[in-house]
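In what follows, a structure is listed as C-alpha cells, so that the remarks can point back to it.
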Amino acid sequence: MMTQFEINMLVSGYPGKTVINGISFSMRKGEFLGIIGPNGAGKSTLLKTMSRVLRPSSGSVKMGLRDIFSIPVKEFARSVAFVSSDPSIVFPFTGLEVIMMGRFPYLRMFASESRQDIEAVSRAVETADCAGIISRPIDNMSAGERQRILIAKALAQEPEAIILDEPTSHLDISHQVQVLDILKDLSVNKRISIIAVLHDLNLAAEYCDRLLLMDDGVIVSSGTPSDVLDYATIEKVYKTVVVIRENPVSGKPFVLLAPGLKR
Amino acid sequence: MRLLPALLSFLLVCSPACADGLRIISITPSTTEIACAIGLEDNLVGVSTFCDYPPEVKEKERVGSFSDPNIEKIMLLRPDIVLATGLEQAQAVRNMRKLGLKVIVVDPAGFDGLFKSIEGIGSACGKQKEALDLVKEMKDSIGSMKKDAKSAVPGIYFEIWHDPLMTAGRGSFINEMITLAGGRNIAWDTPRPYSRFSAELIIERDPDVIILGYMVKGDSAVGSVRKRAGWSGIKAVKESRVYDDIDPDILFRPGPRLIKGIEELNKRFYGR
Amino acid sequence: MTFTDVKGALASKREKAQKVFLALAALLAVSVFVSVLSGPAKINFSEPLSEITRRILYMRLSRTALAIIAGGGISVSGVILQGLLRNPLCEPYVLGISGGASVGAVVSIVIGGTWTILGLSVLPLWAFLGAAATFFVVYRIAEVNGRVPIQNLLLTGVIVGAVLSSIVVFIVSFSEKETLHSVMWWLLGNLQIFDNGLLIFVAIIVVAGSVAAGALSNDLNAFSLGEEEAVHAGVETERMKKVFFLIASLITGACVSAAGMIGFLGLIVPHFMRMATGHDHKVLIPASFLAGGIFLVLCDTLARTVMSPSEVPVGVITAVCGAPFFIHMLRKKSRL
C-alpha cells in the first residue's frame with residue numbers, strides 16, 4: 001500500500017501567528033480522508049500548507065520521499081489539485097474555459113490544446129457530470145453547478161490527489177450527495193486520494209474512510225468515523241451536547257444535536 | 001490679545017518709507033517694467049519673484065511668486081496701489097480687493113490695450129506725462145520699422161512649444177507683433193490666440209521663417225526642428241532660417257520692451 | 001460523446017474568435033484609411049502627388065502608426081493589470097506607472113533642454129525612466145517577506161500615484177507659468193511624432209511586451225481566478241507577478257513617453273473586448289490590441305479635424321467618446 005502524503009511535525013500559519021502547531025499524519029493512496037473540527041481549528045491552514053500556498057515554519061509535507069516544496073510548481077500541480085469552496089468570480093469565464101485551466105501544468109507557451117488535453121478535459125467533464133453546462137459563463141451557474149465545474153477542473157489536472165476545502169458548504173442535500181458520490185467514486189475506482197475539509201459530520205462519517213478531528217491547531221483524534229465520532233470527544237471539541245447513533249442503512253455513525261442543553 | 005495692536009503698530013512704524021509717498025506693489029513682471037519705464041521705480045515697495053527687469057528691481061522686497069502672491073506680505077507693506085494682471089491672478093485680485101486694497105488690473109490683448117494700460121497706470125500714479133511720452137515713443141518706433149518693399153511678405157511660423165506643437169494665432173500679441181514686424185503669420189486662422197497647431201498645415205503653408213519662442217531654453221532647439229521627420233523640405237528649414245535666439249521676455253511680456261521684440265523679429269524676417 | 005462536445009465547444013469558440021479578429025482587422029484597415037485621408041490640409045488625389053503632399057501623407061502615416069501602437073499598448077497593459085489584480089476597473093493610470101512617467105516628463109521640461117541621447121529626445125526618455133522607476137518603487141513597497149500580495153500592489157500603486165501627482169503639482173508650482181503650460185499640454189496627450197527613432201523604440205517595446213503577454217496568457221488566465229487558484233494550477237505566482245507588472249510598466253511607460261497620457265482607453269477597450277470575445281486572455285490580448293489601435297486612430301482623426309487648424313488633445317477625445325459609451329453599456333448590462 002503506497003503512502004500518498006506524509007506530514008511530519010508540521011507547524012504553519014501566517015506572519016506573527018502560528019495556526020497549526022505540530023501535526024503529523026500520513027495517508028494512503030486512494031484514501032478518502034475527512035478533516036473535521038470547529039471553526040478556527042486550523043483546517044484550512046493545513047490544506048493551504050499541503051497545497052503549497054503557505055510555507056510551513058517547521059516540519060514537512062512529503063509526497064513519496066520528496067518534500068513538496070522541492071518539487072517544481074508545475075510538476076506538483078500535475079499530481080495535486082485543489083478545489084476551493086467558492087472562489088469569488090470576477091471574470092465570468094465559461095465553464096469549459098475554467099476546466100481548460102486545469103490543463104495549465106501540461107501546456108506550453110503559445111501551444112493550443114492538444115488531443116491529449118481535450119481527452120483529459122472530456123473525461124473530467126464526464127466524471128463531474130457537467131457536459132450540459134460547460135458553455136455557460138460560471139457566474140450564471142448555481143453553486144452546485146459551479147462546484148462540479150471546479151471539480152472537473154481539478155480532474156483535468158489528472159492528479160493523484162485532490163484537496164477540497166468545504167466542497168459541499170453551499171449546496172443543498174441532493175447536490176451534496178452528488179458531489180460526494182463523485183469524489184467517493186474517484187477514490188475507490190480511480191485510486192485518487194481525496195482530502196476534504198467537511199463541516200457536516202454526518203456526511204463526513206458516511207463518505208470518509210478516515211477522519212482527522214482537529215482543534216486549536218492540533219489533531220485531537222484520528223481513525224475510522226466510528227472511532228472519531230465519539231460523543232465525549234465531539235462534545236469536548238465542539239462544546240455542544242450531541243447524541244451519536246448508528247445509521248440503520250449504512251451502519252455509519254451519525255450525530256444528532258441536542259438543542260437547549262448546556263454541557 | 002492686547003499684544004496684537006501693539007505688534008501691528010510696531011510693524012507699521014518699521015516699514016520703509018518712500019520719497020514722494022506713493023507705495024506701489026507690482027506682482028507681474030510686465031507691470032513692473034511699465035512702472036519703471038515711467039519713473040515709478042523708487043515707488044515700488046514690492047515685486048514678484050519673477051520680476052527681473054530692469055535689473056535694479058531684483059533688490060526690491062519679494063511678495064511671492066507670479067501665480068501665488070503672498071497677501072499677508074502685501075498687506076504688511078501697506079501699498080497704495082497694487083499692479084496685477086488677469087487670469088492667473090484673478091483670485092488674488094479678488095482677495096486683495098476684499099481687503100480694501102486698490103488694485104489695477106492690466107491685461108491688454110494687443111498694442112492698443114497696452115497703450116491704454118500704460119496711460120492708466122500713469123494717471124493712477126501721477127505720471128501722466130511720462131506715460132504719454134512712453135506711448136508716443138513706442139508708436140514712433142513701430143512706425144519707423146524697416147520694411148522691404150521689394151520682397152514679398154515672408155510667412156512666419158512662431159512656435160511656442162514643441163510637444164505638442166503650440167503656436168500664437170489670431171488675437172495674440174505675437175500675431176500683432178509678427179504683422180508689425182512685416183511678416184505674415186501662417187497660423188492666422190487658429191480658434192484661440194494660443195493653441196495647438198496641426199503639423200501638416202505647417203508643411204502645407206511652408207513658412208519662410210520659423211521662430212522658436214520657448215520659455216524653457218534648450219541647447220539644440222533649432223537642430224531638433226531640422227531633424228523632425230517630414231520637415232526637411234520646409235523653406236525655413238532648407239534655408240536655415242529657424243531662430244531660437246530672441247529673449248522670450250521681449251516677446252511675451254506686455255510691456256515697453258515688446259518694441260525691442262518687434263525689432264528683433266523684423267531683423268530675422270528681413271535679414272540681419 | 002463528451003469528447004466531441006468539448007471539441008465542438010472549443011471549435012466554436014475558436015470560430016467566434018476568428019470572426020472577431022477578422023472584423024477587427026477590417027475595421028483597422030478602414031480606420032487607417034480614413035485617418036490617412038483626413039486632416040486639415042487638403043489633398044487632391046486626382047493629380048500626381050506633389051512633394052509637399054507626400055510629406056504630409058508621411059506625417060499622417062507616422063501619426064497613425066503611433067496611434068495604433070499606443071492604443072494597442074495601453075489596452076493590452078490594461079488587460080494585463082486587470083487580470084493580474086483581478087479588478088476589471090484597473091487601468092495603467094491607476095497604478096502610479098503613468099504618474100511616474102509624468103514626473104519624469106516634468107523634470108525633463110523643468111531642467112530644460114531639447115537635447116538628445118542616442119538620437120532620442122530626452123523628454124520621452126525621462127518619462128520612460130520615470131515609469132520604470134515607479135514600477136520598482138511600487139513593487140518594493142508592496143513587498144512583504146519576499147512576497148507581493150496583490151492587494152498591497154493595488155494599494156501601493158494608488159498611493160504612489162497620488163504622491164507622484166502631488167510631486168508634479170509641486171514642481172510645476174515652483175516653476176514659471178509657461179513651464180507649467182508646457183507640462184499641462186504634454187500631459188494631455190499628443191500623437192504627432194517627429195522622431196522616427198522614438199516611434200521605433202516605442203513600437204519595439206509595445207510589440208515585444210504584447211507578444212510576451214500573449215505567450216503568457218495561460219498564466220494570466222490562472223491569475224484571473226485568484227492568486228491561490230494560480231498557485232494550485234502550477235503558476236510560479238511571485239515570479240509571474242513581477243513579469244506581468246514589468247511588462248505592463250514598460251508598455252505604459254513607452255506609450256506615455258511618446259503620446260502623453262491618454263486616459264480611459266485602457267479601461268474601455270478591454271471592457272468591450274471582454275464582452276465581444278469573453279475573458280480568455282489568449283483571445284482577449286490580441287483583440288484588445290487591435291481594438292485599442294482602432295479606437296485611438298479614430299479618436300486622433302477626430303482630434304485633428306474637429307477644430308482644425310488647431311488640434312484637440314486626444315486624451316480629451318478618448319474621454320468624451322469613451323465615457324458615455326461606457327456608462328451606457330454598464331447601465332444596459334445591469335438592467336439585464
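Residue numbers start from 1 in every chain, and the chains themselves are labelled A, B, ... in the order their sequence lines are given, proteins ahead of strands. Keep in mind that the numbers below use all heavy atoms, side chains included, and drop hydrogens, waters and symmetry copies.
Between atom CG of residue A:Leu47 and atom CD of residue C:Glu228 there is a gap of 10.5 Å, rounded to the nearest 0.5 Å. Between A:Phe104 atom CZ and C:Asn221 atom CG the span is 9.5 Å, to the nearest 0.5 Å. The distance from the CE atom of A:Met101 to the CG atom of C:Asp280 is 7.0 Å, given to the nearest 0.5 Å. Atom CZ of A:Arg123 sits about 11.0 Å away from atom OG1 of C:Thr2, to the nearest 0.5 Å.
Residue contact with chain C, scored on non-hydrogen atoms closer than 4.5 Å, involves the side chain of A:Val98 exclusively. Contact of A:Arg78 with chain C is not made at all, since no heavy-atom distance falls under 4.5 Å. When heavy atoms are compared at a cutoff of 4.5 Å, C:Val144 does not approach chain A at all. Looking at A:Glu97, only its side chain comes within 4.5 Å of chain C, counting heavy atoms on both sides. Looking at A:Glu113, the atoms closer than 4.5 Å to chain C (heavy atoms on both sides) all sit in the side chain, from C-beta outward. In this structure, chain A has heavy atoms under 4.5 Å from both the backbone and the side chain of C:Asp219. The parts of A:Phe91 that come within reach of chain C are both its backbone and its side chain, each placing non-hydrogen atoms under 4.5 angstrom from that chain. Within the 4.5 angstrom heavy-atom criterion, atoms from both the backbone and the side chain of A:Pro105 approach chain C. There is no contact between C:Glu227 and chain A, counting heavy-atom distances below 4.5 Å.
Enclosure of atom NZ in A:Lys184 by more than 12 non-hydrogen atoms of other residues, nucleotides or ligands within 6.0 angstrom is indicated. For C:Arg239, the CZ atom sits in a loose shell: 12 or fewer heavy atoms of surrounding residues, nucleotides or ligands are nearer than 6.0 Å. For A:Gln116, the CD atom counts as loosely surrounded, since its 6.0 Å shell holds 12 or fewer non-hydrogen atoms of other residues, nucleotides or ligands. The environment of A:Lys74 atom NZ is dense: over 12 non-hydrogen atoms of other residues, nucleotides or ligands sit within 6.0 angstrom.
With chain A as partner, the option from C:Lys7, C:Lys13, C:Arg274 having the largest number of non-hydrogen pairs under 4.5 angstrom is C:Arg274. Note on A:Leu107, A:Val53, A:Leu96: by heavy-atom pairs under 4.5 Å with chain C, the leading option is A:Val53. The candidate from C:Ser217, C:Gly278, C:Pro88 with the greatest count of non-hydrogen atom pairs under 4.5 Å with chain A is C:Pro88.
A:Pro92 and C:His279 get closest at one heavy-atom pair: CD-NE2, 3.2 Å. Across every non-hydrogen atom of C:Val231 and A:Ser51, the tightest pair is CG1-O, 4.1 Å. In terms of heavy-atom proximity, C:Val235 sits nearest to A:Val73 at O-CG1, 3.8 Å. Heavy atoms only, all atoms of each residue included: C:Leu225 and A:Lys153 are closest at CD1-CE, 4.2 Å.
Note: C:His232 and A:Phe82 have parallel aromatic rings, judged against thresholds of 30 and 60 degrees for the angle between ring planes.
Under the 4.5 Å side-chain criterion, counting only non-hydrogen atoms from C-beta, A:Met100 is not in contact with C:Lys282. Using a 4.5 Å heavy-atom threshold, the side chains of C:Asp5 and A:Ser122 count as separate.
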